Undergrad: 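Before I ask anything, let me first share the structure, which is written out below as structure tokens.
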Amino acid sequence: MLFIRMLRRVGQSPACGCWTPVLPVRFLGISPRQIPADANFHSASFSDTDHPRVLITGGLGQLGVGLANLLRKRFGKDNVILSDIRKPPDHVFHSGPFIYSDILDYKNLREIVVNNRITWLFHYSALLSAIGEANVSLARAVNITGLHNILDVAAEHNLRLFVPSTIGAFGPTSPRNPTPDLCIQRPRTIYGVSKVHAELMGEYYHYRYGLDFRCLRYPGIISADSQPGGGTTDYAVQIFHDAAKHGKFECNLEARTRLPMMYIDDCLRATLEVMEAPAESLSMRTYNVSAMSFTPEELAQEVLKHVPEFQITYNVDAVRQAIADSWPMKFDDSNARKDWGWKHDFDLPELVTTMLNFHGSETRVAQAN
Ligand SMILES: NC(=O)C1=CN([C@@H]2O[C@H](COP(=O)(O)OP(=O)(O)OC[C@H]3O[C@@H](n4cnc5c(N)ncnc54)[C@H](O)[C@@H]3O)[C@@H](O)[C@H]2O)C=CC1
Ligand SMILES: CC(=O)[C@H](N)C(=O)O
């Protein structure tokens with residue numbers, strides 16, 4: 001009887017159309033994860049004056065360390081825990097809290113969340129598009145089973161959860177120029193399939209259990225001081241290194257392949273902004289974000305303005321090319337701009353100047369030593 005009375009209290013919220021989480025998830029007979037009866041339900045929330053306690057999974061990849069730096073500046077060093085299954089380099093280990101966390105180990109995840117009173121979770125662990133095609137079963141485990149663990153731990157402990165999606169969540173039957181937020185999504189990679197799954201599961205948990213799920217579809221991200229982890233857009237990172245060091249670059253995509261891209265500072269700022277946006281401003285839970293779109297040929301032209309001897313040649317990788325040909329050429333991110341004021345800072349000329357300045361100064365230091 002008690003259970004039935006409690007169920008009756010679960011209502012429809014007029015603002016978001018989602019189920020109000022009157023009941024802790026474990027009281028619903030259809031809980032996302034069976035929790036032992038004696039377990040505490042940690043509805044860890046923080047007041048506006050407190051800082052969130054943050055966990056970043058998969059934090060040693062291309063994006064995680066930069067995100068930790070940004071969040072630590074905002075919330076304090078000790079409030080942001082970086083985690084991964086790999087051993088951190090010295091400078092990362094000494095820059096703030098680091099912890100081992102395998103997202104496939106649910107008990108380990110729960111222990112970390114409880115012991116550290118985590119309130120915000122940024123879920124960065126994944127196998128990217130190209131490496132995912134080379135190892136489908138691992139990609140399925142990490143990107144899909146791992147995500148289920150993350151959703152459950154976030155729902156049980158009332159966390160605000162950020163999961164990045166990607167331009168790779170679209171496929172050849174999606175409109176490609178531009179690609180809106182809502183359209184056909186039939187990706188042909190395990191990476192893309194797992195990211196559509198993440199978008200849908202996150203939104204389901206939001207409407208069903210009241211999980212504060214937030215998701216951005218990132219374009220290809222370009223960073224100077226971190227290496228990409230096996231994606232289709234990796235060429236747009238490597239080109240700067242090779243241009244500064246060798247004055248030439250061999251590209252694994254065709255010259256005409258147009259893809260949406262973004263400088264890492266814009267990407268991480270967008271991530272923090274959507275996490276801090278008032279819930280009422282979010283008309284959706286998954287947004288496209290974009291900054292620029294270019295082809296290898298156009299990028300090379302811009303590099304040439306700074307490195308006059310620069311030469312680009314092409315040695316196309318068939319797997320990556322097929323993936324790129326199925327992805328958006330240009331992203332429509334008007335909803336992000338309208339709802340929570342998204343605005344990028346870096347267009348192609350600023351990106352190229354910034355990247356070459358970084359690599360140029362690194363090369364000069366290396367030559368001097
Ligand atoms: N870098 C980019 O251009 C884009 C990235 N994204 C998304 O952003 C997120 C972060 O991307 P990157 O940093 O580039 O990825 P990355 O591939 O560089 O790093 C992923 C990290 O996940 C970790 N990992 C793998 N298996 C794990 C496990 N079982 N438990 C815990 N960690 C595990 C790896 O050790 C690695 O450090 C990913 O979800 C990715 O899909 C989305 C679009 C573009
Ligand atoms: C765009 C992405 O998601 C990633 N960089 C990849 O190329 O797989």
Side-chain angles (χ1 to χ4, degrees), residues 55-68 82-89 92 98-106 108-109 112 121-135 138-150 161-170 179 187 189-199 202 215-223 225-238 252-253 257 259-264 266-268 270-271 286 288-291 293 317 319-321 323-324 326-328 331:
L55 175 66
I56 303 170
T57 67
L60 295 184
Q62 187 191 358
L63 307 184
V65 173
L67 181 69
L82 202 56
S83 73
D84 208 301
I85 51 172
R86 296 192 275 149
K87 204 153 95 174
V92 173
F98 179 87
I99 205 165
Y100 170 86
S101 172
D102 180 352
I103 58 158
L104 295 174
D105 181 347
Y106 183 74
N108 168 246
L109 264 182
I112 291 169
L121 176 47
F122 293 80
H123 175 48
Y124 269 4
S125 311
L127 263 70
L128 272 59
S129 58
I131 202 165
E133 289 312 291
N135 200 340
L138 183 63
R140 197 179 64 178
V142 173
N143 296 9
I144 298 179
T145 309
L147 173 91
H148 294 167
N149 287 340
I150 293 289
L161 173 64
F162 178 83
V163 180
S165 185
T166 161
I167 48 174
F170 297 94
T179 306
T189 60
I190 186 64
Y191 178 58
V193 169
S194 70
K195 289 293 187 178
V196 177
H197 178 75
E199 294 176 8
C215 173
L216 297 181
R217 295 192 189 103
Y218 294 160
I221 306 302
I222 299 167
S223 57
D225 58 356
S226 58
Q227 292 304 306
T232 304
T233 58
D234 292 6
Y235 91 86
V237 178
Q238 191 61 34
N252 57 18
L253 292 182
T257 313
L259 291 168
M261 301 279 183
M262 184 181 278
Y263 184 56
I264 187 166
D266 275 342
C267 164
L268 301 179
T271 303
T286 302
N288 292 350
V289 281
S290 190
S293 260
D317 174 299
V319 173
R320 282 185 168 82
Q321 188 63 47
I323 294 174
S326 75
W327 281 3
F331 238 14

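Values in this document were obtained by computation on a predicted structure and should not be read as measured data. As the structure lists them, so they are numbered: ligands from 1, and atoms in each ligand from 1. Residue indices begin at 1 and follow the sequence shown. Side chains included, hydrogens not; waters and symmetry mates left out as well; all remaining heavy atoms used.
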Undergrad: Under the rule for side-chain contact (heavy atoms from CB on, under 4.5 Å), what residues qualify as partners of Leu138, not counting sequence neighbours?
TA: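 By the side-chain contact (heavy atoms from CB on, under 4.5 Å) rule, Leu138 matches Leu127, Asn135, Val142.
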Undergrad: In Å, rounded to the nearest 0.5 Å, how long is the span from CG of Asp234 to CD1 of Ile221?
TA: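 Reported value, rounded in 0.5 Å steps: 11.5 Å.
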Undergrad: If you have a sec, work out which protein heavy atom is nearest atom 8 (O) of ligand 2 and how many Å separate them, to one decimal?
TA: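 Checking every protein heavy atom, the shortest distance to atom 8 (O) of ligand 2 gives Ser129 OG, 2.5 Å.
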Undergrad: In ligand 2, which numbered atoms sit nearer than 4.0 Å to a non-hydrogen atom of Leu128?
TA: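 Contacts of ligand 2 toward Leu128, numbered from 1: 4 (C), 8 (O).
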Undergrad: Would you say Tyr124 and Thr271 make side-chain contact, with heavy atoms under 4.5 Å?
TA: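 Heavy-atom side-chain distance check passes, below 4.5 Å.
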Undergrad: So what's ligand 1 close to, N/O to N/O, under 3.5 Å?
TA:
| unit_1 | atom_1 | unit_2 | atom_2 | d |
| --- | --- | --- | --- | --- |
| ligand 1 | 1 (N) | Gln62 | OE1 | 2.8 |
| ligand 1 | 3 (O) | Ile221 | N | 2.9 |
| ligand 1 | 13 (O) | Gln62 | N | 3.0 |
| ligand 1 | 13 (O) | Leu63 | N | 2.9 |
| ligand 1 | 18 (O) | Gln62 | N | 2.9 |
| ligand 1 | 29 (N) | Asp102 | OD1 | 2.9 |
| ligand 1 | 30 (N) | Ile103 | N | 3.0 |
| ligand 1 | 32 (N) | Ser125 | OG | 3.1 |
| ligand 1 | 35 (O) | Asp84 | OD1 | 2.7 |
| ligand 1 | 35 (O) | Arg86 | NE | 3.1 |
| ligand 1 | 37 (O) | Gly61 | N | 3.3 |
| ligand 1 | 37 (O) | Asp84 | OD2 | 2.6 |
| ligand 1 | 37 (O) | Arg86 | NE | 3.4 |
| ligand 1 | 37 (O) | Arg86 | NH2 | 2.8 |
| ligand 1 | 39 (O) | Tyr124 | O | 3.3 |
| ligand 1 | 39 (O) | Lys195 | NZ | 2.9 |
| ligand 1 | 41 (O) | Tyr191 | OH | 2.6 |
| ligand 1 | 41 (O) | Lys195 | NZ | 3.1 |

Undergrad: Taking all non-hydrogen atoms of both residues into account, name the closest pair between Pro228 and Val237 and its distance.
TA: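 Shortest heavy-atom separation between Pro228 and Val237 comes out as CD-CG1, 3.8 Å.
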Undergrad: Examine the proximity of ligand 2 to Tyr218 and report which part, side chain or backbone, both or neither, has a heavy atom under 4.0 Å away.
TA: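 Tyr218 to ligand 2: no contact under 4.0 Å from either part.
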Undergrad: Taking N or O atoms only and a 3.5 Å limit, does Trp327 qualify as a polar contact for ligand 2?
TA: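 Among all N and O atoms of Trp327, none is under 3.5 Å from an N or O of ligand 2.
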Undergrad: Thr166 to ligand 2: N or O pair under 3.5 Å?
TA: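 In this structure, Thr166 places an N or O atom under 3.5 Å from an N or O of ligand 2.
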Undergrad: With sequence neighbours excluded, what pairs up with Arg320 under the salt bridge (charged side-chain N to carboxylate O under 4.0 Å, His left out) test?
TA: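 By the salt bridge (charged side-chain N to carboxylate O under 4.0 Å, His left out) rule, Arg320 matches Asp317.
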Undergrad: Does Leu63 reach the side chain of Ser223, with side-chain heavy atoms less than 4.5 Å apart?
TA: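 Side chain of Leu63 against side chain of Ser223, heavy atoms only: no contact under 4.5 Å found.
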Undergrad: With sequence neighbours left out, write down each residue that passes salt bridge (charged side-chain N to carboxylate O under 4.0 Å, His left out) with Glu133, or none if nothing qualifies.
TA: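 Salt bridge (charged side-chain N to carboxylate O under 4.0 Å, His left out) check on Glu133 returns nothing, list empty.
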Undergrad: Where do Pro89 and Leu60 come nearest, in terms of heavy atoms and distance?
TA: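 Shortest heavy-atom separation between Pro89 and Leu60 comes out as CD-CD2, 4.5 Å.
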Undergrad: For atom 5 (N) of ligand 2, what is the nearest protein heavy atom, given as residue, atom name and distance?
TA: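 Ranked first by proximity to atom 5 (N) of ligand 2 is Thr233 OG1, 2.9 Å.
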Undergrad: Below 4.5 Å, heavy atoms only, C-beta onward: do Leu259 and Pro219 meet side chain to side chain?
TA: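 When only atoms from C-beta onward are counted, Pro219 and Leu259 do not touch, as no gap falls below 4.5 Å.
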Undergrad: Could you identify the single nearest non-hydrogen protein atom to atom 7 (O) of ligand 2 and state the distance to 0.1 Å?
TA: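 Ranked first by proximity to atom 7 (O) of ligand 2 is Thr232 N, 2.6 Å.
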Undergrad: Indicate whether the side chain of Ser165 and that of Glu199 have a donor and an acceptor atom separated by less than 3.5 Å.
TA: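 Yes.
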Undergrad: Have a look at ligand 2 and work out which part of Asp234, if any, has a heavy atom under 4.0 Å from it: side chain, backbone, both or neither.
TA: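 None of Asp234 does.
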